[in-house]
Amino acid sequence: NAGVTQTPKFRVLKTGQSMTLLCAQDMNHEYMYWYRQDPGMGLRLIHYSVGEGTTAKGEVPDGYNVSRLKKQNFLLGLESAAPSQTSVYFCASSYSERLPGLGYEQYFGPGTRLTVT
Amino acid sequence: GEDVEQSLFLSVREGDSSVINCTYTDSSSTYLYWYKQEPGAGLQLLTYIFSNMDMKQDQRLTVLLNKKDKHLSLRIADTQTGDSAIYFCAEIMNSGNTPLVFGKGTRLSVIA
C-alpha cells in the first residue's frame with residue numbers, strides 16, 4: 001500500500017495563478033483532510049470531507065476550494081494564489097469508526113511545499 | 001472552544017529524558033494523541049491514550065494524562081539524536097467523528 005500520496009511535492013506560483021493539489025489514499029478511508037503548516041502556527045485545518053461527494057470547512061477555508069468526487073481522492077484548489085498562501089500543505093485520511101484496539105488515527109501524506117511570489 | 005497548547009521548543013542532551021507537555025481545554029476529549037514530524041516529512045502517529053487511562057507506556061515512550069488539570073505529557077527516555085523532531089499533541093472529542101485539534105508543536109533538539 002502506498003498510503004497517502006500528494007502531488008506535486010513542490011510548486012512555485014505567481015500571484016493570481018491557479019493550481020490544484022491532489023491527494024490520494026489507498027486505505028479505503030472515509031475521511032480526508034487538508035491542512036496547512038506555517039512556522040509557529042502548527043497545523044491548521046483548511047477543509048475536510050467525511051465521504052465521497054461531501055466537504056466541510058475547517059479553521060482557515062478562505063481562498064481554497066475542495067472536491068471529493070471519488071472516495072480515494074481529495075483535491076485542494078487555489079483559484080487565485082496569494083503570497084499569504086505560501087505554506088506546506090498536508091493531506092491526511094482516517095477511518096470514520098474507531099477500530100478495535102485503535103483510536104482515530106490520521107495518516108498523513110509527505111506534504112506539498114507551495115511558494116507564491 | 002477547543003484549544004491545545006504546547007511550548008514551542010525543548011532542548012535536551014543525548015541520553016537524558018525529554019518531557020514534552022500539552023494542555024487542552026475540552027473536557028469531553030476522548031482520545032489524545034502524540035504525533036512526530038521529522039524534517040521534511042509528514043506527521044506520524046507515535047502513540048495515543050484514551051481518556052479513561054492515566055498512563056500508557058510503549059518502550060521508551062511514557063504518556064501521562066491528568067484529566068483534572070487537562071494536562072498531557074510525553075516522556076522519551078534515553079533521548080537519541082534521531083528523536084530530534086517536532087512533536088504535536090492532538091485531541092478528538094466525543095464520538096470521534098470530528099477532525100483532530102492539533103497544538104502548534106514542540107520542536108525537540110537533542111544535543112550530542
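Here is how names work: the chains are called A, B, and so on, in the same order as the sequence lines, proteins then strands, and each is numbered from 1.
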What is the distance from atom CD of E105(A) to atom CD of Q44(B), rounded to the nearest 0.5 Å?
9.0 Å

When the 4.5 angstrom heavy-atom criterion is applied to E59(A) and chain B, the contacting part is neither

Is it true that L64(B) and I49(B) fall in one hydrophobic cluster, defined by side-chain heavy atoms closer than 4.5 Å?
no

pair L45(A)-V101(B): side-chain heavy atoms closer than 4.5 Å:
no

Same cluster for F9(B) and M41(A) if Ile/Leu/Val/Met/Phe/Trp/Tyr side chains link at under 4.5 Å?
no

With sequence neighbours left out, which residue pairs that include part of residues 50-60 of chain B fulfil the side chain to side chain donor-acceptor pair (under 3.5 Å) condition?
R60(B)-D83(B)

Going hydrophobic residue to hydrophobic residue with side-chain gaps under 4.5 angstrom, can you get from F102(B) over to Y87(B)?
yes

Would you please test Q37(B) and F90(A) for side-chain contact (heavy atoms from CB on, under 4.5 Å) and show each step?
CA-CA 12 Å; Q37(B) 184 184 29; F90(A) 288 100; 3.3 Å; yes

N/O donor to acceptor pairs below 3.5 angstrom from side-chain atoms of residues 11-22 of chain B, sequence neighbours left out:
| unit_1 | atom_1 | unit_2 | atom_2 | d |
| --- | --- | --- | --- | --- |
| S17(B) | OG | R75(B) | NH2 | 3.0 |
| S18(B) | OG | T79(B) | OG1 | 2.7 |
| N21(B) | OD1 | H71(B) | NE2 | 3.3 |

Can you tell me how far CG of L45(B) sits from OH of Y107(A), rounded to the nearest 0.5 angstrom?
8.0 Å

Give a yes or no answer on whether the side chain of Y35(B) reaches the backbone of Q106(A) with a donor-acceptor pair at less than 3.5 Å.
yes

Is there a chain of hydrophobic side chains (I, L, V, M, F, W, Y, each step under 4.5 Å between heavy atoms) that links V4(B) to Y48(A)?
yes

Rounded to the nearest 0.5 angstrom, the CG-OH distance for L100(B) and Y35(A) is 5.0 Å

